Amino acid sequence: MRFGIVVFPGSNCDADCYHVIKDVMQEEACYIWHKETDLQGVDAVILPGGFSYGDYLRAGAIARFSPVMSAVKEFAARGGLVIGICNGFQILLEAGLLPGAMLRNRSLKFICDQVHLKVNRTDTPFSHLFAPGEVVKIPIAHGEGNYYCPPEILEELKANRQILFTYCSPQGEVSDEYNPNGSLANIAGIINKEGNVLGMMPHPERCSEEILGGTDGFKIFASMIKWAKEASR
Amino acid sequence: MYKAHVYVVLKPGVLDPKGDAVKKSLHVMGYKGVNEVRIGKFIEVWLEAESREEALRKVEKMSAELLANPVIEDYRVEIVGGE
Amino acid sequence: MYKAHVYVVLKPGVLDPKGDAVKKSLHVMGYKGVNEVRIGKFIEVWLEAESREEALRKVEKMSAELLANPVIEDYRVEIVGGE
Amino acid sequence: MNYRDLGLTDDEYKLILDFMGREPNELELGMFSVMWSEHCGYKNSRPLLKLFPTRGACVIQGPGENAGIIDIGDGDALVFKIESHNHPSAIEPYQGAATGVGGIVRDIFTMGARPIALLNSLRFGKLDDERVKELFAGVVAGIGDYGNCLGIPTVGGEVYFNDCYKENPLVNAMCIGLVKQEEIKKAVAGRAGSPIMLVGAKTGRDGIHGATFASEELSEESAAKRPAVQVGDPFMEKLLIEACLELIKEDLVDGMQDLGAAGLVSSVAETVSKKGKGAVIDVLKVPRREEGMTPYEVMLSESQERMLIIPKSGCEKRIAEIFDRWGLDAAVIGEVTDDGVFRVQEGERKVAEVPVKALTEGCPVYVREGRVPDYYKEAQDFSPEKLPEVDLKEAWIRLLSSPNIASKKWVYAQYDYQVMTNTVILPGHGDAAVLRIKGTRKGLAATVDCNSRMVYLDPYRGGMMAIAEAALNLACVGAKPLAFTNCLNFGNPEKPEIYWQLQEAVKGMSEAAVVLGTPVVSGNVSLYNESTERAVYPTPVVGMVGMLYDIDKRCDMAFKREGDVICLLGRMREELGGSEYLAVCHGIEKGKVPDIDLEELKRLIELILYLTGQKLLASCHDVSEGGLAVALAECAITGDIGFEAEMPELKRGFMFSEAPGRVVVSLREEKLALLEEACAKASIPCQVIGRVKGKEMIFCDRKGNQTALLLKEGKKLWGEAIACLMK
Ligand SMILES: Nc1ncnc2c1ncn2[C@@H]1O[C@H](COP(=O)(O)OP(=O)(O)O)[C@@H](O)[C@H]1O
Ligand SMILES: [Mg+2]
């Protein structure tokens, strides 16, 4: 399976994602420069973390005008798997591929830490290898991860079961105490209605190897790979 | 050349963590009478255009497309100088 | 209650990386005529005061002390509504 | 402009007249003044720096380049350096600290290396002052935002609070880069006629005379003198890193040099001077951010995020393509010449002409006389014997919640320490940061250390201690200490007492470095850290780097298992001189600084490396600020499991002594015999002092007396102290 990792000026988790796909998952990976309009026939797209265009103005705001984004939109519309991690999530929001927007963390500070997430659905391409209700431990690192959307959109997200990951306690309790950044409804990651586009603030590529202290992120990539392979069969 | 001012503010109802923090600091500093603070952006744009109207149209458009995020922000444009 | 607007801008000559990035991206989006963009803050403050003058004085003072960073920023205050 | 206003002395001016054979014009004078500042010319510190050992089997590049380089085998090398940004941070903490990070990162990729880790060493006044809190918060945010945006993990550092830093905070940033040895670049331009390119940010009126400024005491005036503070643009820097590393991969450049203090003047002079070349620069060709800039302003501007490139012959076009791809403009601003003269043109008009060597090697050197300060003797004579006893539990609690000892999570949580997915010992988990090197079994470890109170009380022993602690910290994570970089943050060296501090500290550091076999490969000097009130404590920050040849042999400080045995390696000692205990519980910063047996320390380091190599240890942590009581508490809190330790006697001397050269380890009981055997062989005292167990932290003696603290309580005190103060 071939993953395309989009590189914007200022992306900085591109190489980390490449490493995970290539060296850990042992799948094919290629970089896609933001000026390209062709996705080189990849089977899945990763929008990596970082500070595209310095995150000046608003996180992800400028990146969404990159030529590659039209191709990513088309790819998503055709049902291709797209995962946006951290800055990638912010770009997906700005580009309208997912609903909502990011505000500054309520602490007003950048936060680098380990958090726990509750996996709310296990019937998606990104999460089918998790156990129902599983709690996973995963790193975050962001200054603008405070997810916001208008109330009617939140209702829609809930109704369509689009909230894939929520911040929670190690035991799975979802409460404000375990909300690192002030996100609405403790949202850490959402998918689109069709289920093929995921945006998440935490970094699965940072916890896909034992040596890094955890492997819960591995399952997200493994889920995508298995899903795609089964779909193409 | 024209000069435009773009005011970008958070929509009513959208939380403003920075504004709240500033309000709190102001209280600590002794400005007890401050009831609310909202922090938005003040963007100055210098641009070439055929007319004031065209300048306004262009800046309106770039505000809608890039300078403000319609999910959370409102904006207002003013042409303040030029030709 | 009075309402004040505070405009905070970078001092002339101080680098504005945000403004530069926005300018460049506006060019890429086709707004070739944009010569410069500077990004500052637009702060709305609602406060109690005895008079318009007092409100102005207070907001001037809090701007100098907290809202603007005097090393790199200038500010301007306006009382826009109130009493 | 008068030469005195530019910080030059009468004698220095005479020297300039000799070099020039005529009166210099204003620009020429400005060029001398920045190049002959302490910051660029090291005129007060150069003779002392000669004391440092700079040779060693691993050294590829010692001091003298933008950064030092060491060999780590398999054709790989590490490039590293530390640098101060103290004065800019005092004025504008956020931007000052941010641009400090930007500067040190440029020093690393200038050498052709990919920057892979950042560390920092910070010092502020006490956190009961609003301005200090602002400085602290601003500096941490500035460091974090800049490094985070670049995608270089900030993996380690240190933070101290002491009144002596109230007006003069210290902000030192260190960067480590990784490079293939054949891709190393030095800032040398060898070919007359080759163009000189300037790339990156446009030149503005930022920080003109920053270099001179950094060499003066902070006063009321300096605030007014400052034209403008530099604002950092980390996004631009990120583009520069990627583009410049591409140039190197494709082997397109002869020389590459960052622009830092003293801007174009310094970077052009340094680049051409080594091969005896000259240069001609046309200021009209320098892309500017502002209108009406004079040649003086263009040449001395310290605008950030700029690089000088000397292309290989015929590579200009390819270079331009690469920069274009990254959205960067590169301008040809002049060329290398053969005559050893630095000529500045404004179009057709010649505006300056100075012999390059006069700027670089011509800088005078001052060998000063030191004088033992009065406070030294007084401090030595102090004896803690006479002090009233303090309840041990109370003292323990106060130490754990002292900001100097408490968890620094409030700080490092603002730094992205995991980007690049190499960090395997995270901040707060071990005595040093450990990063894997992908594609190999190797790992590197890094730490920054300096206990400036000890250096103040006894610069010689304190200097030794800084090196000793750094080396021991590396050993504790399983890494062999290899080499170090340093930043000498001192007061005004023209004062004999300060010069004495500098001299003694460098002597102590050198002596320790020689014995431990860790040469210095780079560094920076920041003098004149004084306000009208006082000088900072002498603060020679040591940044040391070591290697793990098998990353699986790493060791952190967390207790792991109920029932593990806890041992103290090194002697049980009771000296309290210069301790945090005296400062926190008695408000006293005096006493004899405990001595170090360097030979024993060396054996201890080798012993620990043997033990970690054999995987005998479950945890390892050195005893430093707060003594055994704090060291054990940190192991317990990090591992979330308690302990019971038995002391010969329950007294403050044993619990809170900071005497160096001691380590606490925990291990499975069945491995104890092997440990004891190894210790005996190394002739390092080894003593079983307790066990890992339960949810309490307990010190007891044989008579059954106890001092105990709930783990949960300790964790709260230690974990939240700084956050509470910053609320
Ligand atoms: N305290 C020190 N110990 C060792 N080397 C030092 C020290 N201070 C400066 N150096 C070395 O002197 C040279 C000049 O330093 P500096 O002017 O800071 O370089 P740059 O111009 O790259 O900032 C560098 O090679 C640096 O490593
Ligand atoms: Mg340099």
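So that the names make sense, note that chain A is the first sequence line, chain B the second, and so on, each numbered from 1. Everything numeric here is computed off the predicted structure, so don't read it as measured data.
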| query | Looking at C:K18, C:K61, C:K58, which one has more heavy-atom pairs under 4.5 Å with chain B than the rest? | reply | C:K61
| task | Pick one of side chain, backbone, both or neither for B:V9, based on which atoms fall under 4.5 Å of a heavy atom in chain C. | result | side chain
| message | Between B:E54 and B:R52, does any NZ, NE, NH1 or NH2 come within less than 4.0 Å of an OD or OE carboxylate oxygen? | response | no
| Got a sec: does the NZ of B:K11 have more than 12 other heavy atoms crowding it under 6.0 Å? | yes
| said: Out of B:M29, B:E65, B:K41, B:E36, return the one with the most heavy atom pairs under 4.5 angstrom to chain C. | reply: B:E36
| query | For B:E50, does the CD atom sit with more than 12 other heavy atoms under 6.0 Å from it, leaving out its own atoms? | reply | no
| note | Counting heavy-atom pairs under 4.5 Å with chain B, the top scorer among C:L66, C:V8, C:V22, C:I39 is C:L66
| note | Highest number of heavy-atom pairs under 4.5 Å with chain B among C:V6, C:I43, C:N35, C:V59 belongs to C:N35
| Ring centres of B:Y75 and B:Y7 under 6.0 Å apart? | no
| After noting the C-alpha distance and the side-chain angles of B:V34 and C:M62, does the key distance pass the side-chain contact (heavy atoms from CB on, under 4.5 Å) rule? | CA-CA 10 Å; B:V34 173; C:M62 60 183 84; 3.7 Å; yes
